[in-house]
Amino acid sequence: SCVLFGACIYILANRNRKSHRVLVTSCIFHILVSTAHSIISLLLSLQGLTTPSIIAIPNGSSIYFVSPTAFMLTNLALFLCNVLAQDLLLIWRLYVVWNHNWKLVIPSLVLEVAHISCAIIAVFLIAQPNEHLFSHNVQAFGKASWSLGLCLNTGVTFGIAYRLWLAGRETSHLIGRNVYTAAMFTVIESGAIITSCTFVMFVLDVAGSPAGFMGFNVAVQIATTTPLLIITRLCLGLTNIGTHFDKSSSPTVTFAPVQIDVTEDTCTYPMSPMSPFATRKTGSMQSFYREV
């Protein structure tokens, strides 16, 4: 996470690029939450593995780690904050790539509110003295939260990827290939990481294993890595998209290189008059990661 954060700050602080403030704020917030979670997890481990009164009890450390202590509840709160920020960033990307269309964003926000509300209620119930990890109420709200999270991440990721596929199809007959394919697969891969993590946690919890609940410690770091990974891959050439055009292919039109970036760079190419991105002579579609 620290390496990816450094790479992202290097990219976003480049003076030749104008980066959206949402990206800068998101990177800083995610790394702060991840760092705080790591510190508290270290303190929790030290407390559970070195305190004589805890280790004197059979499986005392394991019991302590799933008990509603101040350290554990704080880590759960950080987990919810990180997941909320990651989901909102994902929804914002959907909003950007669909030309700021609120019709797609509003259902996603409603689903996110339901997702986080169920998670907050589950954490609140865990903190109550008469409740425990596998009580009926905690399990009901926890499973509902994970189910909604899976639906949200899968749906929004598919929406972003589908929009990129449509944009690439508009230009593939002009430049010979879909220039947004790499960006599309990068979004799918990154979305699959957090979705897979949530799915594993959900399955373990349904199976009655405490490991499903404790998996949130891993999910915090994954929720931090995912948005940083997208920016780094698209800007440091790990997902490199370039197109070369022969000068003889068109005597009157000059084609600019097509590039996927987090910057204000644009990709310019002639568009079909029926294309939603077309202007009178040439069309200009902003790079997917100008704002994403």
Side-chain angles (χ1 to χ4, degrees), residues 1-2 4 29-49 54 59-90 111-112 114-127 131-154 156-157 189-229:
S1 295
C2 292
L4 288 175
F29 177 81
H30 281 299
I31 197 66
L32 288 177
V33 171
S34 177
T35 302
H37 175 267
S38 297
I39 293 173
I40 294 174
S41 295
L42 176 62
L43 296 176
L44 178 66
S45 299
L46 291 174
Q47 185 79 11
L49 296 173
I54 295 176
N59 298 318
S61 296
S62 298
I63 296 173
Y64 176 78
F65 291 146
V66 297
S67 301
T69 60
F71 284 146
M72 192 268 277
L73 293 175
T74 302
N75 267 350
L76 279 175
L78 291 174
F79 167 66
L80 294 182
C81 290
N82 217 19
V83 170
L84 175 62
Q86 190 245 355
D87 288 345
L88 291 178
L89 183 62
L90 191 64
L111 194 61
E112 176 62 16
H115 166 220
I116 292 299
S117 297
C118 289
I120 291 174
I121 294 174
V123 173
F124 175 79
L125 290 174
I126 290 173
E131 297 283 353
H132 56 86
L133 182 59
F134 290 102
S135 67
H136 174 74
N137 292 332
V138 172
Q139 285 292 299
F141 284 103
K143 291 173 183 176
S145 175
W146 276 332
S147 299
L148 292 170
L150 282 171
C151 293
L152 177 70
N153 277 277
T154 302
V156 174
T157 299
E189 290 168 2
S190 299
I193 293 174
I194 189 65
T195 301
S196 299
C197 177
T198 305
F199 179 75
V200 170
M201 292 167 60
F202 177 72
V203 171
L204 289 173
D205 186 66
V206 170
S209 173
F213 173 76
M214 296 307 296
F216 81 87
N217 292 297
V218 178
V220 171
Q221 303 303 323
I222 292 178
T224 297
T225 301
T226 301
L228 301 181
L229 184 63

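All values reported here derive from a predicted model rather than from experimental measurement.
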Distance from [X] atom [atom1] to [Y] atom [atom2], nearest 0.5 Å?
X      : Y      : atom1 : atom2 : result
Glu189 : Ile193 : CD    : CD1   : 7.5 Å
Cys197 : Phe216 : SG    : CZ    : 11.5 Å
Ile40  : Leu43  : CD1   : CG    : 7.5 Å
Glu112 : Ser117 : CD    : OG    : 9.0 Å

(request) Please say which of Thr224, Leu76, Asn217 ends up in a side chain to side chain contact (heavy atoms under 4.5 Å, CB included) with His37. (result)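 It is Asn217, the one option of Thr224, Leu76, Asn217 that forms the side chain to side chain contact (heavy atoms under 4.5 Å, CB included) with His37.
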(message) Can you tell me which residue among Leu152, Val156, Thr226 is in a side chain to side chain contact (heavy atoms under 4.5 Å, CB included) with Leu90?
(response)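 For Leu90, the side chain to side chain contact (heavy atoms under 4.5 Å, CB included) test succeeds with only one of Leu152, Val156, Thr226, which is Val156.
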State, with a plain yes or no, whether a side-chain heavy atom of [X] is found less than 4.5 Å away from one of [Y].
X      : Y      : answer
Cys118 : Lys143 : no
Phe65  : Leu49  : yes
Leu148 : Leu111 : yes
Val83  : His115 : yes
Ser135 : Leu125 : no

(message) For Phe202, I'd like to know if atom CZ has over 12 heavy atoms of other residues, nucleotides or ligands within 6.0 Å.
(response)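 Above 12, so yes.
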(message) Please give me the minimum heavy-atom distance between Ala85 and Phe29, naming the atom from each residue.
(response)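 Reported closest heavy-atom pair: CB-CE2, 3.4 Å.
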(message) Tell me whether Thr195 contacts the main-chain N or O of Gly191 through its side chain, where contact means a donor paired with an acceptor under 3.5 Å.
(response)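 Here the side-chain-to-backbone pair exists.
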(request) Verify whether one side chain among Ser34 and Asn82 offers a donor that lies under 3.5 Å from an acceptor in the other. (result)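 Per modelled atom types, Ser34 and Asn82 side chains form no pair under 3.5 Å.
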(message) Please tell me whether Asn153 and Thr198 have a donor and an acceptor in their side chains that are separated by less than 3.5 angstrom.
(response)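 There is no such pair between these side chains.
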(message) Using side-chain contact (heavy atoms from CB on, under 4.5 Å), reason through Ser41 and Asn75 one step at a time and then give a plain yes or no.
(response) CA-CA 7 Å; Ser41 295; Asn75 267 350; 3.2 Å; yes
